[in-house]
Structures are given as structure tokens and as C-alpha cells.
Amino acid sequence: SALHYCMSDAEPSIAYLQDNSAFINNEWHNLVLEKIFPVYNPSTEEDITQVSEKSQHDSTEEDITQVSEKSQHDDDKAVVDISERGRLLNILADLIERDRDILAAIEHLDNGKPFDEAYLLDLASVLKELRYTAGWADKLHGTLRFAITIPTFQDLRFLRYTRHEPVGVCGEIIPWNIPLLMYIWKIGPALAAGNTVVLKPEELTPLTALTVATLIKEAGFPPGVVNVVSGYGPTAGAACLSHKDNDKLAFTGSTLVGKVVMKAAAKSNLKKVTLELGGKSPMIVFIDADLDWAVENAHFGVFFNQGQCCIAQSRITVHESIYDEIVERDLEKAKKQVLGNPFESDTRYGPQILKIEFDSIPRLINSAKAEGAKVLCGGGRDDSCVGYYIQPTVFADVTDEMRIAKEEIFGPVITISRFKSVDEAIKRVDNTKYGLAAYVFTKDKAIRISAALKAGTVWVNCVHVASYQIPFGGNKNSGMGRELGEYGLE
Ligand SMILES: NC(=O)c1ccc[n+]([C@@H]2O[C@H](COP(=O)([O-])OP(=O)(O)OC[C@H]3O[C@@H](n4cnc5c(N)ncnc54)[C@H](O)[C@@H]3O)[C@@H](O)[C@H]2O)c1
């Protein structure tokens, strides 16, 4: 279907053609059962288009995973030639850059995030990540060792080497919060390492995944190397989890579904599993921190993407001697958040994407009020406009026993508690089932505190600087395995 979008009142609208069936073997296929589901715009609550839905036992004439598996064994293909892999990934990056404004606009329509944020942050990260992994494609060699010391064969010399081989077909399932970037995090390293992919985007946000599929074909990737099939988790997703020809599952989403993924992998063929799951990440502000900077980052970190970020620092704890000052400054700043049309350039704050979150965030907010936390601003839905908007909210006097201090909010809510000593702060923030990220604001305790915290990544005096060269992933219930950097290619 043709979609029109308008970048602002002053700009002309641009039309593009949205493919919405299943992308298999470089062609668009109707699925056998021909079911469809609607995709809506969370800023307006209106339907955008309808997308082909894969049911669990539904397929095209050819099985999607087998198509992907077959393309592994064709010697002429880019999967085998390591230079060609990198070349094609670079072409894909160039095509995404060419279509950057269209892709940012689709991401805005589909997900609700401000256009500028999608264009400047998400798309910039997408391009950097793709070009970075493209560079790795011809450098994934194993190691070479001359070994001589096996006691029983002392006179013999052995040559030992390791080869890095593709895993095979990678089933990849992604969430809705940063759809295009999550897609590239998954396909970039998989393709650089010579794998083929069957990707299922989140049912709420399938549009950029489908649009980039056309660019994959345009870039020249051979048929079957990347396949994209949309649908719901328990059906389309579940089919991917249990398929016997899938060799790997890379999943980003909730901890609850992460456990379903592990179980399905164990029950089918012991696929390898990488899980990037939920978090409840702490931010600790010490007395010696630069307070202006800490407040600035607290806001960016929590309100970025309306709090729909796995690494959002949803538990802020502050030394008691600076607590009042931080609370006051946080409040001042939260009141200045601009809500509005996410296509306008001064809007930094859009709607929640998900109707369910729009309902569940106020429930968690209300639980905090009932448990005695002090709401300083916001505290509910914003009824002044259409769309799933939640008011930017700041809570003070939060304690560790409250639900809001323990459960992932995935919404624009700052919670602030206080601590007395360094040891107490470390012990308290680590007392969680999650271990994705942690943030430390200090001038002189960075190394000591970072080493003590049980988190996949610790950021010091900054937030959300997820860099494509550095491995990313969680401990405990936040997941296993790493994405990005050299580790992400293993
Ligand atoms: N650690 C990270 O890198 C990271 C990044 C973004 C989001 N997340 C986490 O993702 C969660 C938010 O996303 P969500 O609520 O959409 O997660 P979710 O687990 O409900 O859905 C994520 C994906 O899994 C699919 N899915 C759902 N049920 C399934 C099933 N039974 N079988 C197979 N697939 C299934 C969905 O269709 C979707 O594509 C949060 O917990 C957030 O912290 C983590």
C-alpha cells in the first residue's frame, strides 16, 4: 500500500510504497492462510496499514527456514565469499543512508518516536553498526598454533588451528522500542559471519523491517539470505523457536518470553541462544558528582524514547546530603519536557507505543502513590491530546520495597531514593533479579564502584552511550550472550 507522510507543515509530503507481505527468497509472498493484522500510529491511534500475518503452521509453498538453510550451501553466494559479505553490507548501509528520511518517518509513524530522534540517533547508529560489522566480514579468522608438546609423541610436531564457521540459520526476534536498530543489531553480525537469517519483527512495528528487506534485495544479497516474516509471538515467533533447521535464536524482548525461548530451544534441537532481556537499571549519584550533569543525564536517560528503553535508569539513588537539591532540580527540568507532535523539531517527547503500556504504566504509578512515594509532577496519562501520552513523572521518597522500585516500568517515570554510605548503595542497587545496566555519577570512585556492580554494562558519568564497538548484554534475568563489538560476532 502507498503511504504518505508529512515532515512538518512547511514540507511537502512524500509517498512511498509499503510492501506488507512476507519477504522470502528475495520475493514478496502471500502466506497460505492469507491472514492480515493492522499496524497503527500511536500518536494518532489511527491504523496505518495492514500486514500479512504468519500463523504457526502457515507457510508459503516453501518452508522459510529451509529456504534460508539452502542458501547456506550455494558456493557462489555471498555467504561463502568473505569479501563479498562486507561489500554487500556496505552497500546496504549506503541504501539506508539514501532513504534515511523515509525510514526515520516510517519509524516515527509506526513507533511514535519523534522524527528527529529517529533520524539523528537511531539511523546514525544503524549506519555505524552496519559499516562496523561490514569491516569485520573478512577479518573473522581463527588462530594458528604450532604445537609440539604432547608427552606421548615427543618427536612429532602438530599444527593446530581453529576455524570460525557460520552457525547456520539464525532465527531473530525483535521488540518494538527501537525497531530498525534492533533489526540491524541482529542481521549485521549474523551476515558478516556468513549466516542466513529468518527475522520476525514485533507485530506493532514491522514496517521498517519490511522496507529494509527491499533494500537487502537492491543491495544484491542473494535470495534466501535474509527473510522477514511478520506475525504475533505465540504463533509466528513460536514457529521460529521450534524449527529444527534453525541453528540459533537471537532474541530481544521481555524476560518472560526469554524463558519461553530457552525452553523451546532445549525442546527442539538445542539451538544456540542469545537473550537480550529486561532491566531495572540503577543510577547512583555520589556527593562528588557534577550535579548539573547528573540531572541532565537522569532526564535524558529516563525520558528518552518515553522510557521505553531496556537500559533506562528507572532507579535513581542519591547521597542523602545532595538529595533535596537533586530532587528540586529534577522537578524543574521535568516540567520543561515538551509533549506534542513527534514530527515537530522541538518535540523531544512522544506517545507510548503500546496501548497496554499506556494502561499498565499508570497502574504502577498508582501503586507507588499508594505505597507512600511522593509524586512531584505528572503521575498519569496526558489527556490534553490524542495518542498514548503519559505525563513526564518524577517520584521522590521511593524505597526499595515498593513495586515501582522493583518492576520494569518502560515508561517516562523518574524515581529517586536516598542512601547514606557507599557500601549501602552498592548492596541495595544489586539487590535485583536484573543485571543489564548501571550508571555511576562520581569524580573519584568510578573504577571501584563499576567493578562492584553486577551489571552487563556500567556507564560512568554518562548514559545510553551504547557503542557498536563495545559488547552489550545482561547478567542474571537480563539475559545471556553479547551483541555488538567483536564479542557480538562470536
Ligand atoms: N536487553 C535489550 O537489549 C533489550 C532491548 C530492547 C527491549 N528489551 C526488553 O524488551 C521488552 C519490551 O518488549 P516487549 O514487551 O515487546 O517484549 P516481548 O517479549 O513481549 O516481545 C518481544 C518479541 O518477542 C515476540 N514474542 C512474544 N511472545 C512470543 C512467544 N511466545 N514466542 C516467540 N516470540 C514471542 C514478540 O512478537 C516480539 O517480536 C522489555 O522487557 C525490554 O527491557 C531488551
Side-chain angles (χ1 to χ4, degrees), residues 37 39 42 51 53-56 110-111 113 122 125 129 171-186 198-206 208-209 228-243 246 249-265 267-268 271 273-281 304-314 352-358 360-361 407-411 432-437 455-457 464 466 468 470-484 488:
F37 64 97
V39 178
V51 167
E53 174 192 344
K54 185 186 182 314
S55 312
Q56 183 147 18
D110 205 4
N111 164 286
K113 64 174 64 209
D122 295 22
S125 305
E129 163 67 4
E172 311 199 316
I173 298 183
I174 54 173
W176 43 263
N177 59 342
I178 328 173
L180 183 54
L181 186 58
M182 291 293 108
Y183 181 25
I184 297 303
W185 276 25
K186 293 278 179 286
V198 177
L199 179 127
K200 189 200 86 62
E202 160 69 42
E203 53 274 21
L204 289 165
T205 52
T208 42
V228 180
V229 57
S230 310
Y232 293 94
T235 48
C240 186
L241 305 187
S242 55
H243 203 294
N246 246 342
L249 287 170
F251 172 80
T252 297
S254 59
T255 299
L256 193 69
V257 179
K259 291 182 181 175
V260 174
V261 173
M262 282 288 280
K263 236 191 233 168
K267 248 178 122 176
S268 51
K271 309 169 169 61
V273 175
T274 306
L275 300 174
E276 299 287 0
L277 309 175
K280 187 74 196 169
S281 303
F304 171 68
N305 218 24
Q306 295 71 247
Q308 303 167 133
C309 207
C310 53
I311 52 174
Q313 68 275 43
S314 53
Q352 306 308 122
I353 183 181
L354 195 57
K355 172 90 172 62
I356 305 173
E357 303 269 334
F358 183 57
S360 69
I361 295 165
E407 295 176 25
E408 193 175 26
I409 306 177
F410 238 57
T432 165
K433 62 181 180 176
Y434 294 111
L436 188 56
T457 308
H464 292 356
Y468 48 93
I470 304 287
F472 176 83
N475 299 340
K476 301 198 261 182
N477 276 254
S478 292
M480 60 174 64
R482 293 293 178 260
E483 292 190 305
L484 304 185

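Numbering of ligands and ligand atoms starts at 1, following listing order.
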Below the 3.5 angstrom mark, is there an N/O of [X], backbone or side chain, next to an N/O of ligand 1?
X: N177; result: no
X: G233; result: yes
X: G253; result: yes
X: C310; result: no
X: I174; result: yes

Can you list the atoms of ligand 1 that are under 4.0 Å from a heavy atom of [X]?
X: L277; result: 1 (N), 2 (C), 4 (C), 43 (O), 44 (C)
X: P175; result: 6 (C), 7 (C), 13 (O)
X: K200; result: 36 (C), 37 (O), 39 (O)
X: F251; result: 19 (O), 23 (C), 24 (O)
X: G237; result: 33 (C), 34 (N)
X: V257; result: 19 (O), 26 (N), 27 (C), 28 (N), 29 (C), 30 (C), 35 (C)
X: G278; result: 41 (O), 43 (O)
X: A238; result: 32 (N), 33 (C)

Has the side chain of [X] got a donor or acceptor atom that lies under 3.5 Å from a matching backbone atom of [Y]?
X: K113; Y: I178; value: no
X: S478; Y: G435; value: yes
X: T255; Y: N477; value: yes
X: K271; Y: L241; value: yes
X: K267; Y: S242; value: no
X: N305; Y: N177; value: yes
X: Y434; Y: K280; value: no

Measuring from [atom], which candidate in [options] has the nearest non-hydrogen atom?
atom: atom 3 (O) of ligand 1; options: F472, F410, Y232, W176; result: F472
atom: atom 20 (O) of ligand 1; options: P179, S230, S242, S254; result: S254
atom: atom 22 (C) of ligand 1; options: T252, I173, L204; result: T252

So, T432 and K476: side-chain donor and acceptor under 3.5 Å apart, yes or no?
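Side chains of T432 and K476: no pair found under 3.5 Å.
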Considering only heavy atoms from C-beta outward, does the side chain of P179 approach that of E202 to under 4.5 Å?
no
So F472 and I311, do their side chains get closer than 4.5 Å, heavy atoms only?
yes
Rounded to the nearest 0.5 Å, what separation is found between the OG1 atom of T457 and the CG atom of L484?
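It is 9.0 Å, given to the nearest 0.5 Å.
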If I take atom CG from residue N246 and atom CD from residue E172, how far apart are they, to the nearest 0.5 angstrom?
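That separation rounds to 9.5 Å.
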Is it true that G474 lies under 4.0 Å from ligand 1, counting heavy atoms only?
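Under 4.0 Å: no for G474.
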Checking contacts here: is it the side chain or the backbone of [X] that comes within 4.0 Å of ligand 1, counting heavy atoms only? Could be both or neither.
X: T255; value: neither
X: E203; value: side chain
X: I178; value: neither

